[in-house]
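What follows is a single structure, written as structure tokens, with notes after it.
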Amino acid sequence: MSLKQEKFYITTAIDYVNAYPHLGHLYEKVCADIIARWNRLVGRDVYFLTGTDENAAKNERAAKEAGLEVKEFIDRNAKRFQELCKAFHISNDDFIRTTEDRHRKVSQLIFAKMFKNGDIYKSSYSGLYCYGCEEYKTEKDLVDGKCPEHGTEPEHIEEECYFFKLSKYEKPVLELIERNRFIIPEKRKQEILARIKTEGLKDLAVSRSRISWGVNVPFDPKHKIYVWVDALVNYVSALGYPDGEKYKKYWPADVHLIGKGINWFHSVIWPAILLSCGIPLPKHILVHGYITIGGEKLSKSKGTAIDPFKLLEKYEVDAVRYFLARDIPFFEDGDFTEKALVERVNGELVGNIGNFIHRTLTLIWNLYAGEVPEPKNYEKDEECIKLVESIRKLPSIMRDRLENYEIDRALKEVADFAIQCNRFLQVKEPWKTKDPDALFICVNAVRTLAIVLRPYLPSSSEKIWKMLNLEGLPEDYGWDSAGGLAIKPGHRVSRPEIVFRKI
RNA sequence: AGCGGGGUGGGCUAGCCAGGUCUAUGCCGCAGGGCUCAUAACCCUGAGAUCGGUCGUUCAAAUCGACCCCCCGCUACCA
């Protein structure tokens, strides 16, 4: 059976580099990583992309404030985002920076293509321009009609720029969105739908003059390509569009994972751009919620933004990953507090999951010198049957959850499973009864845990796997193998070590 | 304002779409007990909510409908 391996291309939004990464950036990457790793585990050929958005004119200002050259400034910050990925074990296959040549030339190519297809025309844009900020302001940016930054009234000016005929694509885009599960979840789909229906699609200004940082419009270098158009292109430029091998293999994207704030660009503008260029459309726009800190929105100015690197000084990578995946409802906003983190990790990851793993292995050493015992008749014992059944079902229950991107709920299934395992031990009391059946099943339950935790807690999963003294890694056996009793009697396990420590 | 989502024991939360099995789930916390293999872990029991309010549909509503109150999100550049 040599079925062609199914491919799976997932992207995160690319991050603005006008500041250092915060918890929200990390959250998105962790979620994408879990999805990517899970898809690898079920056997798909995964390509996982993340990166940075570096062509925004705002970078100029931010750089000036930091007292650095723009290039120097964005290099420094982009590096920080790359380090973030490494530090949190994000398994991205590539990291695209939009200032790279490979991106810029595709950005220009796409723009040229839209132009060639008659979807870009020159007109004039008028708006309120703040010379201090060097950018247009909208009404709501202003405080008492003044730029809050400079305290000056922006001037009403008019300039030539290029427009994209977004309006032309209203119908196909609407049809696309009405299609089931293009935008996930439903809630976000309704928001966009409502907006298209009430406002309709207006042509979009896609070039800016008066700025010096950015990508030139290919046929008119006095203008820079609008950052959003440029940014979205990263999803194909990173694959080597138009004729790169990776592009041929992985495009269209299966999932664009984004925050709710940029849904419009991904669900409306991006498809319109692709339609204009005759490029196939992505399959799903997956919209997650935001993290709040103590109930407040993340805000750099209020100082509520949390530095993920600081977190690592106090907590282990997998503790943070566990909390983010488990406590933040994937499709909703979720609150971060250190108290909640500590509680969740100590109570659930350490107390339940970790403890079960540890006590199982300890029991095997205490009672059987590290050798998995030969079971007698677990097929006839009611308690045993129940747990074996849970082992068998867990991967498929989680699969249902994960196919729907219910990352948090899938992980809850793991926690519930561990609780059941602990109860089972309590009832069977193998330390008293010396019942070999209980431990035979438990050691297999530990193996199940190692596999299902693999996407969430890659390094802990590996530790558990090694402790069980199993060959290779979970991915060599695949997701569904988690449902079996693959550890046979006579197998020797290693001495238990603590995997999850209390914090 | 328009559109969308939500209000469930002290905190968080499941259930609501397909009404009865909800005498409402689970976690944290609290009170008591058990066990002692385990990282003072784990297990059991208990107290605690009439499911935002009012009215209605129905033999039957947390679940459906109407109205009201409150919270949140989206409405062109914040993951």
Would you measure the distance from the [atom1] atom in [N] across to the matching atom in [M] and give it in whole Å?
| N | M | atom1 | value |
| --- | --- | --- | --- |
| B:C59 | B:C22 | P | 23 Å |
| B:G11 | B:C17 | P | 26 Å |
| B:G15 | B:U21 | C1' | 13 Å |
| B:C12 | B:A76 | C1' | 35 Å |
| B:C51 | B:C16 | C1' | 11 Å |
| B:U23 | B:A61 | C1' | 16 Å |

Identify whether any heavy atom of [X] sits under 4.0 Å from a base atom; if not, whether one sits that close to sugar-phosphate; answer base, sugar-phosphate or nothing.
| X | answer |
| --- | --- |
| A:K432 | sugar-phosphate |
| A:I357 | nothing |
| A:F356 | nothing |
| A:N355 | base |
| A:L204 | base |
| A:K29 | nothing |

Please tell me which of A:I498 and A:R423 maps to the more 5' nucleotide of RNA chain B, matching each residue to the nucleotide holding its nearest heavy atom.
A:I498
State, yes or no, whether a side-chain contact exists between A:R321 and A:I90 at a heavy-atom distance under 4.5 Å.
yes
Side chains of A:Q420 and A:R423, heavy atoms from C-beta outward: is any pair under 4.5 Å?
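They are not in side-chain contact.
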Between the base of B:C77 and the side chain of A:Y226, is there a donor-acceptor distance below 3.5 Å?
yes
Are A:K189 and A:E178 within salt-bridge range, i.e. N to O under 4.0 Å?
no
Check the orientation of A:Y27 and A:F330. Use parallel for under 30°, tilted for 30 to 60°, and perpendicular for over 60°.
tilted
Verify whether one side chain among A:N234 and A:T98 offers a donor that lies under 3.5 Å from an acceptor in the other.
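Not at all, the side chains of A:N234 and A:T98 share no donor-acceptor pair under 3.5 Å.
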